> 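Handing you this structure, nothing more for now.
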Amino acid sequence: MNILVTGGAGFIGSHTVVALTEAGFRPIILDDFSNSEKSVLDGLEQITGSKPTTYAENCHNRETLRRIFKEEKIEGVIHFAAFKAVGESMQKPLEYYDNNLGSLIVLLQTMLECGVSNLIFSSSCTVYGEPDELPVTEKTPVKPASSVYGNTKQIGEEILHDTIEAGNALKIISLRYFNPIGAHPSAAIGELPRGVPSNLVPFMIQTAAGLRESLTIFGDDYPTPDGTCIRDYIHVLDLAEAHVAALQFLLKKDVSGYYDIFNVGTGRGASVMELIKSFEQVAGVPLNYKLGPRRSGDVTAVYADVQKCTEQLGWKAKRSMQDALADAWRWQLAITAQR
Ligand code: UFG
């Protein structure tokens, strides 16, 4: 069965291409490579044995989508393609709204026109803001977004909800990701941030590899046991497999209109300090880090209640944080050796 993966050359997208292939689907990538490298396709070939069919085009284009839906007989779409830098989104709001929401609207319209009915949308735990209760369930209230990026996810979810409420024949799941980390254990694919990474694990492994001088911990005066922020770090392959579980669930669902939301995390919160200590242990190298001020926009703690996806999708994270850190480190060593 042919599944279109927009943004399929990105970090979560490429690992989902692997998971889809392993589950017997035929993923077709649509990616304009604006924030990914063509070398990802070689890595995918190394893992799966063949290069996935790839359209190196922008998914905001109606004609492109029409052509792919027709040529490839697409039966479902996993929509990753979006801009995702929180800081940048505040500088370029119109680009973010246009790209992230414009492409979603064109995608929905073209799916309806071409009779493609199954869609999985990348959402984020950012919609919960600073939550009043932990762990967060899908019923935990959504808070006003603190970034344009976060707002594109909230509005994206509303667009999907309203599309189904209006009686359109689509089946849609939004997956609210917590913090994906790690890489494929083969080290053939992983995260490839451009420039200075803003996320914790990419910065950490680049520091350990000697590419950055030191990691700054953004604040140790939070009301948590060790004073550093708490997040739910999930192995990217577990997250990838959640997409396959969600897709299989949608394909079995015998209704014409459906929309629901699922948290995808491990259910366990870990602090920045805990992550650093675990990394030093699994990598066997000391990490040069220092304490710095809080980063604006960071929430104190957020981690998932995963009961809904466990019960309904039959999916649960299998890999540990240590597995993820070891895989991320192996990936960093592999790309450092190549360059
Ligand atoms: N952190 C540091 N030092 C760094 C980088 C991060 O201490 O150099 C800390 C942050 O303060 C935070 C934790 O590590 O406490 C995780 O930070 P990340 O940037 O890795 O992840 P975030 O939780 O901030 O970001 C995630 C997703 C975003 C999403 C955001 C919403 O990566 O896509 O959650 O909160 F928008």
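All ligand and atom numbering here is 1-based and tracks the order in the structure. Because the structure is predicted, anything quoted here is derived from the model rather than measured.
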> Name the residues with a heavy atom less than 4.0 Å from ligand 1?
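Residues near ligand 1: Val86, Thr126, Tyr149, Asn179, Ser198, Asn199, Leu200, Leu215, Thr216, Ile217, Phe218, Cys229, Arg231, Tyr233, Val272, Arg295, Asp298.
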> Could you list the residues that satisfy salt bridge (Lys or Arg N to Asp or Glu O under 4.0 Å) with Glu72, not counting sequence neighbours?
Arg26
> Sequence neighbours excluded, which residues qualify as side-chain contact (heavy atoms from CB on, under 4.5 Å) partners of Leu291?
Ile217, Asp220
> Do you see a donor-acceptor pair shorter than 3.5 Å between the side chains of Tyr303 and Asn179?
no
> Should Asp221 and Arg294 count as an ion pair when the cut-off is N to O under 4.0 Å?
yes
> If the condition is side-chain contact (heavy atoms from CB on, under 4.5 Å), which residues does Thr137 pass it with, not counting sequence neighbours?
Glu133, Lys139, Thr140, Asp305
> Which heavy atom in Tyr128 sits nearest to a heavy atom in Pro141, and how many Å separate them?
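Closest approach of Tyr128 to Pro141, heavy atoms only: CD2-O, 4.1 Å.
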